[in-house]
Amino acid sequence: MLDKKVVVITTGGTIAMRYDEATSGLLPAVSGQELMNAVPELKNVCKIEVVEFSNIPSPHMTPKMMKALGDKVDEIATDKNVAGIVITHGTDTLEETAYFLDLYIKTEKPVVFTGSMRGATEIGFDGARNILNAVKVASTETVISKGVMVVFNDTIHSAEDVIKTHTTNVDTFKSPFSGAIGYVDSDKVIFKRDRVNRVKIDTNNIEESIYLIKCFTGMNSDIFDFLIDKKIAGVVVEGFGRGNLPPLIVDGIKSMIDANIIVVLVSRVIEGRVLDVYSYIGGVKPMKEVGVILGGELTGQKARLKLMLLMGRYRTKNEIEKYFD
Ligand code: ASP
């Protein structure tokens with residue numbers, strides 16, 4: 001057993017919920033310590049300390065709370081007796097908080113997110129196994145520099161790649177484009193690949209006024225006119241395929257850029273990069289020429305968090321563009 005400890009920070013989610021008769025639904029109810037008590041096998045892995053950060057359903061999570069959680073992680077990681085940190089989190093927005101921390105935190109110690117698809121009182125509760133596996137990964141010494149990870153259903157993912165893909169299945173977290181980075185077997189943790197090109201953003205602020213807009217067929221510029229009026233700082237637009245846009249929003253995008261709003265373009269498609277290969281109206285080539293930033297492989301929700309952090313520090317397109325793709 002490892003001498004050092006793993007700190008488990010609990011934030012809430014289904015993993016900490018019980019069925020409530022009065023409302024006929026799952027509600028936050030389980031404390032951090034109760035959660036740990038449900039996993040007696042942890043005593044064979046390492047010492048555990050529990051820190052309760054919040055007990056919220058993850059749709060209630062905000063970027064401000066993500067930043068506070070990141071600061072808490074960095075504070076805890078300065079203790080030399082801490083080998084790694086596990087964070088339990090609702091699955092709905094888990095990939096967002098994990099990616100925010102991946103960009104934001106300073107520590108290189110392992111930080112591992114996990115949760116459960118089934119409530120603590122449901123048959124086949126997956127949370128106990130997920131916590132055990134997450135602690136095993138966080139206490140593995142060779143894990144340094146793999147960035148923030150998500151451990152779910154015996155599989156280890158990088159925060160940058162992982163996506164929740166199913167509303168109920170316990171095998172919901174996948175990394176469709178790049179694949180998982182490893183897995184947890186009953187005897188040991190096995191890594192299949194290293195993390196490359198991790199981006200970190202050195203800032204102590206976030207820009208909150210960043211929107212995420214998904215394109216649809218026949219779309220016009222109404223929403224962009226509204227956002228210009230609102231004087232927002234930036235927007236992530238999820239285009240079609242390679243990043244192409246419906247023609248009636250082209251003028252709206254140009255007007256946003258003229259109004260000094262940063263526009264980042266990603267795709268509605270979950271795998272692959274956006275790129276300037278089409279030059280028809282709404283194609284990425286002319287959009288890039290008017291000042292749109294290409295967001296690479298990121299999903300819209302992750303590109304939005306990245307832009308929030310970047311605009312916490314930088315204001316110009318040239319400074320921001322370097323960090324995408
Ligand atoms: N709605 C829940 C949450 O994200 C779902 C879960 O934890 O799986 O808090």
Side-chain angles (χ1 to χ4, degrees), residues 8-39 50-70 72-73 85-102 111-135 137-138 148-176 180 184 212 270 299-302 304-305 308:
V8 179
I9 305 178
T10 59
T11 69
T14 297
I15 196 165
M17 291 190 198
R18 281 203 183 96
Y19 183 77
D20 172 64
E21 301 244 332
T23 55
S24 331
L26 293 167
L27 280 181
V30 184
S31 73
Q33 194 51 56
E34 281 173 313
L35 206 52
M36 294 309 108
N37 295 347
V39 200
V50 186
V51 173
E52 214 172 289
F53 176 81
S54 59
N55 198 351
I56 54 162
S58 76
H60 295 197
M61 184 54 77
T62 64
K64 254 196 191 132
M65 291 172 75
M66 294 177 195
K67 183 176 175 298
L69 180 62
K72 177 57 98 188
V73 165
I85 293 163
V86 167
I87 300 171
T88 61
H89 195 289
T91 60
D92 290 352
T93 64
L94 186 150
E95 75 209 49
E96 291 198 34
T97 307
Y99 184 57
F100 184 101
L101 263 63
D102 190 57
V111 175
V112 183
F113 277 73
T114 197
S116 76
M117 291 300 284
R118 298 181 183 135
T121 45
E122 283 185 274
I123 195 154
F125 175 55
D126 50 330
R129 188 180 182 90
N130 284 341
I131 290 175
L132 180 63
N133 284 340
V135 169
V137 173
V148 174
M149 290 165 280
V150 173
V151 170
F152 223 91
N153 203 36
D154 299 348
T155 311
I156 311 167
H157 300 271
S158 158
E160 188 178 20
D161 302 325
V162 75
I163 300 174
K164 183 175 181 177
T165 63
H166 197 288
T167 56
T168 57
N169 198 300
V170 293
D171 196 24
T172 186
F173 284 101
K174 308 268 187 203
S175 302
V184 185
L212 170 60
I270 57 168
T299 60
Q301 58 270 29
K302 287 185 183 170
R304 170 181 167 261
L305 293 169
M308 290 180 110

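Each ligand, and each atom within it, is numbered from 1 in the order the structure gives. Starting from 1, each residue takes its place in the sequence as its number.
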Below 4.5 Å, heavy atoms only, C-beta onward: do [X] and [Y] meet side chain to side chain?
| X | Y | answer |
| --- | --- | --- |
| Pro176 | Ile163 | yes |
| Leu305 | Pro63 | yes |
| Val39 | Val135 | no |
| Phe100 | Lys67 | yes |

Output the list of atoms in ligand 1 that are nearer than 4.0 Å to some heavy atom of [X], sorted by atom number.
| X | answer |
| --- | --- |
| Pro59 | 3 (C), 4 (O), 9 (O) |
| Gly13 | 7 (O), 9 (O) |
| Asp92 | 1 (N), 2 (C), 3 (C), 4 (O), 5 (C) |
| Pro57 | 9 (O) |

Shortest protein contact, [atom] (heavy atom only):
| atom | result |
| --- | --- |
| atom 9 (O) of ligand 1 | Ser58 N, 2.7 Å |
| atom 5 (C) of ligand 1 | Thr14 OG1, 3.1 Å |
| atom 8 (O) of ligand 1 | Thr91 OG1, 2.4 Å |

Is there a nitrogen or oxygen of [X] sitting under 3.5 Å from a nitrogen or oxygen of ligand 1?
| X | value |
| --- | --- |
| His89 | no |
| Ser116 | yes |
| Thr93 | no |

